[in-house]
**Q** 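The structure that follows is given in the form of structure tokens.
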Amino acid sequence: MFDQTQIQEFKEAFTVIDQNRDGIIDKEDLRDTFAAMGRLNVKNEELDAMMKEASGPINFTVFLTMFGEKLKGADPEDVITGAFKVLDPEGKGSIKKQFLEELLTTQCDRFSKEEIKNMWAAFPPDVGGNVDYKNICYVITHGDAKDQE
């Protein structure tokens with residue numbers, strides 16, 4: 001399902017999340033990982049929902065399987081790009097930051113202020129306020145080139 005490089009990256013991520021180094025990711029590991037990322041007040045319900053996604057204790061094999069299942073459902077790059085193209089009738093390959101932000105914060109599964117902040121940190125608009133959605137689509141389906149170095 002994954003190549004050796006990807007498996008090694010997942011192993012590194014697992015090791016970071018497994019804060020107490022017992023080989024199992026539990027609720028306290030998740031809480032500590034969130035705290036290390038600056039998110040201190042994670043609700044127990046949110047952590048419980050994450051833990052329920054696994055069929056049992058989350059060892060590395062379960063962790064890898066969970067990622068495989070999540071990624072298996074991801075749409076191909078051309079499908080995601082096609083969705084963005086609906087918002088770009090002139091075919092410029094970019095859309096206005098303000099327009100995209102408005103859509104993401106008012107429609108369907110709404111982004112929080114923190115998620116919007118993280119998105120602009122990952123995909124900063126150009127000086128004209130345009131967002132390169134082709135880059136976003138590539139990163140969603142292939143990962144960030146910086147992460148691969």
Side-chain angles (χ1 to χ4, degrees), residues 1-84 87 93-95 97-127 129-149:
M1 179 177 354
F2 299 112
D3 64 35
Q4 279 307 115
T5 305
Q6 291 171 310
I7 291 172
Q8 183 58 37
E9 289 173 357
F10 283 121
K11 184 65 174 168
E12 290 170 18
F14 181 86
T15 302
V16 168
I17 298 169
D18 182 19
Q19 296 278 313
N20 64 8
R21 305 288 185 258
D22 66 353
I24 303 289
I25 293 174
D26 59 24
K27 193 163 126 176
E28 289 309 309
D29 289 326
L30 291 177
R31 185 181 311 284
D32 292 344
T33 301
F34 275 116
M37 296 183 332
R39 192 163 164 223
L40 301 175
N41 297 319
V42 181
K43 292 183 169 62
N44 276 327
E45 296 80 24
E46 187 177 356
L47 297 172
D48 289 338
M50 288 180 193
M51 294 303 298
K52 286 179 184 171
E53 289 187 37
S55 56
I58 305 172
N59 61 21
F60 180 65
T61 303
V62 171
F63 182 79
L64 201 58
T65 302
M66 290 172 70
F67 267 94
E69 289 169 357
K70 292 282 185 189
L71 294 174
K72 184 173 57 181
D75 290 322
E77 185 176 1
D78 62 328
V79 172
I80 298 169
T81 303
F84 274 103
L87 306 173
S94 65
I95 53 180
K97 172 191 175 204
Q98 181 129 4
F99 177 59
L100 182 57
E101 188 170 318
E102 183 179 329
L103 287 174
L104 293 174
T105 57
T106 62
Q107 306 297 313
C108 299
D109 202 4
R110 296 178 177 132
F111 275 41
S112 68
K113 288 181 181 181
E114 184 71 18
E115 289 169 320
I116 290 292
K117 180 181 155 197
N118 291 338
M119 186 175 81
W120 297 142
F123 305 105
D126 65 18
V127 293
N130 299 302
V131 179
D132 177 0
Y133 65 79
K134 290 180 182 180
N135 180 45
I136 295 172
C137 296
Y138 182 85
V139 171
I140 288 171
T141 56
H142 296 92
D144 192 350
K146 291 180 284 193
D147 295 340
Q148 314 243 336
E149 294 172 358

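Everything quoted here is computed from the prediction, not taken from an experiment.
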**Q** Any chance you could measure Ile116, atom CD1, to Glu114, atom CD, to the nearest 0.5 Å?
**A** 11.0 Å
**Q** Are any of the side-chain heavy atoms of Leu87 and Tyr133 separated by less than 4.5 Å?
**A** no
**Q** Atom CZ of Arg39 and atom CZ of Arg31: how far apart are they, to the nearest 0.5 Å?
**A**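 Answer for the CZ-CZ pair, Arg39 versus Arg31, is 11.0 Å.
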**Q** Nearest 0.5 Å, what's the CG-CE distance between Asp48 and Met50?
**A**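 Asp48 atom CG to Met50 atom CE measures 10.5 Å (nearest 0.5 Å).
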**Q** Taking atom NZ of Lys117 as the centre, report whether more than 12 heavy atoms of other residues, nucleotides or ligands fall under 6.0 Å from it.
**A** no
**Q** Is Ile58 close to Met51 at the side-chain level, that is, under 4.5 Å between some pair of heavy atoms?
**A**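 When only atoms from C-beta onward are counted, Ile58 and Met51 do touch, with a gap below 4.5 Å.
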**Q** Tell me, which pairs form a ring-ring contact (aromatic ring centres under 6.0 Å, His included) where one or both residues lie in residues 32-55, sequence neighbours left out?
**A**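 Checked against ring-ring contact (aromatic ring centres under 6.0 Å, His included) - neighbours excluded - no pair reaches residues 32-55.
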**Q** Measure the spacing between OG1 of Thr81 and CG of Asn135 and express it to the nearest 0.5 Å.
**A**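 One finds 10.5 Å between OG1 of Thr81 and CG of Asn135.
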**Q** Would you indicate whether the side-chain heavy atoms of Ile136 and Asp132 approach each other to under 4.5 Å?
**A** no
**Q** Would you indicate whether Glu115, at its atom CD, is surrounded by more than 12 heavy atoms from other residues, nucleotides or ligands within a distance under 6.0 Å?
**A** yes
**Q** Looking only at heavy atoms, what is the nearest atom pair of Thr33 and Val16, with distance?
**A**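 Scanning both residues, the minimum pair turns out to be OG1-O, 4.1 Å.
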**Q** I want to check something: taking the side chain as every heavy atom from C-beta on, are Gln19 and Leu30 in contact at a cut-off of under 4.5 Å?
**A**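 The answer is no, as the side chains (C-beta and beyond) never meet within the 4.5 Å cut-off.
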**Q** Only counting residues at least two apart or in another chain, list the ones meeting salt bridge (Lys or Arg N to Asp or Glu O under 4.0 Å) with Asp26.
**A** none
**Q** For Asp29 and Asn20, indicate whether the former's side chain and the latter's backbone hold a donor-acceptor pair under 3.5 Å.
**A** yes
**Q** Looking at Ala54 and Met66, what are the two nearest heavy atoms and their distance?
**A** CB-SD, 3.7 Å
**Q** Check whether any side-chain N or O of Asp18 sits under 3.5 Å from a backbone N or O of Asp22 as a donor-acceptor pair, and report yes or no.
**A**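 At least one qualifying donor-acceptor pair exists.
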**Q** Give me the atom names and distance for the closest heavy-atom approach of Val131 to Lys97.
**A** CG2-CA, 3.7 Å
**Q** Listing request: all ring-ring contact (aromatic ring centres under 6.0 Å, His included) pairs with a residue in residues 11-32, at least two apart in sequence or in separate chains.
**A**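 Residue pairs with at least one partner in residues 11-32: Phe14-Phe60, Phe14-Phe63.
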**Q** For Arg110, check salt bridge (Lys or Arg N to Asp or Glu O under 4.0 Å) against everything at least two apart and list the hits.
**A**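 Partners of Arg110 under the salt bridge (Lys or Arg N to Asp or Glu O under 4.0 Å) test: none.
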**Q** Over all heavy atoms of both residues, which pair between Pro57 and Val62 is shortest? Give the atoms and the distance, please.
**A** O-CG2, 3.6 Å
**Q** Please name all residues satisfying salt bridge (Lys or Arg N to Asp or Glu O under 4.0 Å) with Lys11, sequence neighbours left out, ordered by chain then number.
**A** none
**Q** Please set out all donor-acceptor pairs under 3.5 angstrom arising from side-chain atoms of residues 101-108, sequence neighbours excluded.
**A**
residue, atom, partner, partner atom, Å
Glu101, OE1, Trp120, NE1, 2.7
Thr105, OG1, Glu101, O, 2.8
Thr105, OG1, Glu102, O, 3.4
Thr106, OG1, Glu102, O, 2.6

